[in-house]
> 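Sharing a structure here in structure tokens format.
Just so we're on the same page: letters track the sequence lines, and every chain starts at 1. Just the heavy atoms: all of them, side chains too, but no hydrogens, waters or symmetry mates, feed the values below.
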Amino acid sequence: MSTDKPVSVGASVIQEDTWIGLKNFTKARIALGNVGGSLPLREVLALKLAHAGAKDAIYSGLDVDGLREQLSGLQVPVFCLSSRVEDRMQYLKRPDLGRRLNEQSVVSLKETGQTFDLVFVVADGLSAEAVNLHASEVLKLVIPELASHYKIAVALVSQGRVAVGDEIGELLNARFTAVLIGERPGLSSHESMGIYTTYAPEVGLTDERRNCISNIHPDGMSYWDALRILSYLIEQSFQRKISGVDIKLELDQLPQEPLSRNSI
Amino acid sequence: MGYRCSIHSRNYVFADLKMLLAKATPFRSGDALAGVAAESNEERVAAQMALSDVPLKNFLNEVLIPYENDEITRLIIDSHDSEAFKSVSHFTVGELRDWLLTEAASTETLRKLAPGLTPEMVAATSKLMRNQDLIKVAQKCEVVSKFRGTIGLPGRLSVRLQPNSPVDDSRAIAASLIDGLMYGCGDAVLGINPATDSPEIVAELLKMLDHVRLKFDIPTQSCVLCHVTTALKIIHKAPVDLVFQSIGGTEKTNASFGINLSVLQEAWEAASSLNRGTVGNQVMYFETGQGSALSANANFGVDQQTCEVRAYAVARKFNPFLVNTVVGFIGPEYLYDGKQIIRAALEDHFCAKLLGLPMGTDICYTNHAEADQDDMDNLLTLLGVAGVNFIMGVPGADDIMLNYQSTSFHDAMYIRKVLNKKPAPEFEQWLLSSGIVDERGNRLPISGSHKLLSV
């Protein structure tokens with residue numbers, strides 16, 4: 001074709017965008033340049049890498065042994081449980097099964113014959129990597145401060161969804177559960193943890209009965225801020241005997257100290 | 001009575017039309033989750049065989065959700081155009097499928113037929129169609145809509161520019177907006193999903209979009225995709241072009257979205273009265289997606305695809321400018337993988353077009369679905385061939401607010417190039433006069449002093 005031009009040796013074929021300075025205003029993938037209107041390969045691979053990390057996080061497994069080891073110094077019982085889900089594929093297709101404990105787990109909790117005030121549930125959710133990294137760090141900060149006032153247990157749940165905490169709470173007669181769970185991985189954050197709190201947990205509750213602290217990861221919410229909110233939610237729930245939409249989170253009313261004893 | 005089909009020595013019985021439609025649906029995870037899917041491959045084909053023999057007239061007499069209980073059923077039955085239906089009233093579902101593929105079913109014939117078809121008839125027919133059938137018939141349907149631009153003309157493909165920011169930061173949004181315009185996107189709508197539904201923030205964002213549009217004289221329309229009641233609050237205080245709302249196919253689904261037909265009517269009347277359009281005044285922008293009814297526990301045993309098509313009855317009532325199925329956003333418990341997402345998107349596009357709606361598609365997936373960019377390339381190409389009215393344009397395909405992957409500005413360049421599609425005519429002229437693309441649609445080199453970069 002007459003319009004074809006030879007490529008000059010050493011020159012890039014990428015047409016760069018002149019507004020690259022706009023990248024300072026946003027994390028969105030702008031000013032990527034183009035090759036004949038298509039994405040330059042460097043950008044194709046960058047997106048692929050981010051997606052690969054997210055997929056790997058979804059298929060990561062809960063490090064039950066590691067978590068038990070890390071929590072062993074806290075002097076609270078740690079129960080190792082599983083949902084009714086058999087594998088990750090089923091987990092993704094059947095959220096209902098991830099909300100219930102399997103038979104063996106139910107039996108083991110019934111056999112304890114104990115009751116607790118507060119149960120912390122650690123579940124893999126959609127990113128086990130997230131709780132493998134953050135859950136024991138958060139629990140090591142929060143449990144020692146609460147242990148003198150409350151009888152506490154921890155449950156580790158493989159293939160669990162948020163609502164599995166309701167059944168665990170019911171079986172252990174807990175007054176309150178906090179479910180630490182891996183959130184759906186984004187392209188930029190594969191290791192984001194959420195905490196869902198429920199007062200008077202029982203099977204069958206829905207989301208409006210929960211409070212949520214989300215986006216806990218190094219580039220998102222800090223452990224410190226998460227603990228401030230968690231302390232506030234525990235205080236509010238035990239005082240008012242509720243959880244969920246009726247507790248409004250007003251950040252300026254939160255305690256500066258996450259866990260001052262008189263606030264809990 | 002029920003519906004029957006014998007295969008070899010086995011007799012399959014389907015208690016009612018609702019069950020027959022569900023069992024005849026190509027497999028998807030959401031119907032299995034709902035417990036309405038066929039229990040074997042053979043049962044699915046048996047249901048499809050039985051469905052192919054059902055007269056279209058049956059759909060007017062046997063409703064899936066009782067008339068007394070559901071305003072969408074009432075809308076479907078009460079607005080049915082029996083005159084338009086006459087030409088196909090003697091057909092079974094299978095005969096309609098065969099006829100749609102013939103030359104007799106021309107663009108003009110299908111346009112006239114649309115008000116005579118109900119969502120359930122169309123959903124039923126789609127269940128008997130292969131992907132190529134869905135593409136071929138949809139391509140024949142032309143649905144043109146107008147506001148400041150003309151969307152859906154043959155040989156055209158438009159793009160919603162989606163410059164979202166996780167904190168509604170107007171500078172971040174403007175940066176993505178400029179980037180998208182420079183790649184020829186934004187002729188369907190400049191549309192922001194706000195991170196919060198506050199009336200003040202929505203009004204601010206609308207003012208920003210309108211400012212950019214007026215400053216550069218862009219022949220397009222804007223929308224901040226807030227709840228319809230939020231739009232109603234600010235409609236006389238901010239420049240509202242299009243009113244947005246997510247809609248579903250049962251009254252209870254819509255209740256879970258906090259809406260009903262009368263709220264939509266109110267919004268439609270209010271937005272129409274502003275007369276902000278230039279070449280037309282279609283003011284509604286609806287989004288839908290298979291699985292929304294089940295996720296609201298409002299599906300009443302109806303399969304997710306049929307629920308989806310019932311939502312198009314709601315859309316049709318308000319003569320929308322844009323309808324968009326957000327097909328892969330809902331997650332793998334409803335559409336598990338690329339194959340299911342692609343099938344669902346082709347169904348949604350076909351059904352909407354046959355019912356006379358200006359359908360676009362958010363070609364997308366979440367990270368927990370078994371899908372990737374290659375699946376989206378396949379779907380984009382298929383929908384381009386099928387004549388989709390518009391797609392999304394998201395910077396680098398990565399929506400940093402909604403955390404999912406859609407189509408990028410570059411994807412829009414690709415599909416226009418390989419299928420020789422142009423933007424909406426008014427917008428194309430603007431792109432040419434702004435020195436952004438040449439007459440063949442190729443991106444021109446853009447200097448750092450281009451007028452758009454002064455924003």
> Measure S176(B) against the heavy atoms of chain A and call it side chain, backbone, both or neither at under 4.5 Å.
both
> Is T366(B) reaching over with its side chain to a backbone N or O of Y404(B), donor-acceptor style, under 3.5 angstrom?
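The answer is no, because no donor-acceptor pair under 3.5 Å joins these two groups.
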> What part of D411(B) gets closer than 4.5 Å to chain A, counting heavy atoms only: side chain, backbone, both or neither?
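Contact with chain A is absent: no heavy atom of D411(B) under 4.5 Å.
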> Could you tell me whether K27(A) and D169(B) have a side-chain N and a carboxylate O separated by less than 4.0 Å?
no
> If you tally heavy-atom pairs under 4.5 Å against chain B, which of P95(A), A57(A), G21(A), G36(A) wins?
P95(A)
> Is Y334(B) reaching over with its side chain to a backbone N or O of R28(B), donor-acceptor style, under 3.5 angstrom?
no
> Where does F409(B) contact chain A at under 4.5 Å (heavy atoms): side chain, backbone, both or neither?
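Contact with chain A involves no heavy atom of F409(B) at all.
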> Where on E370(B) is there a heavy atom nearer than 4.5 Å to chain A: the side chain, the backbone, both, or neither?
both
> At a 4.5 Å cut-off on heavy atoms, which part of S447(B) comes close to chain A: side chain, backbone, both, or neither?
backbone
> Side-chain contact, heavy-atom cut-off 4.5 Å: Y414(B) with L380(B)?
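Yes, side chains in contact.
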> Quick check on A174(B) against chain A: is it the side chain, the backbone, both or neither that has a heavy atom closer than 4.5 Å?
neither
> Checking heavy atoms, do the side chain of A54(A), its backbone, both or neither come under 4.5 Å from chain B?
side chain
> Less than 4.5 Å to any heavy atom of chain A: does that hold for the side chain of I400(B), its backbone, both, or neither?
side chain
> So what's closer than 4.5 Å to chain A heavy atoms on L402(B): side chain, backbone, both or neither?
backbone
> With a 4.5 angstrom heavy-atom cut-off, could you sort out which part of N403(B) is near chain A: side chain, backbone, both or neither?
both
> What part of L177(B) gets closer than 4.5 Å to chain A, counting heavy atoms only: side chain, backbone, both or neither?
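Looking at L177(B), nothing touches chain A.
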> Please flag which part of I173(B) lies under 4.5 Å from any non-hydrogen atom of chain A: side chain, backbone, both or neither.
neither
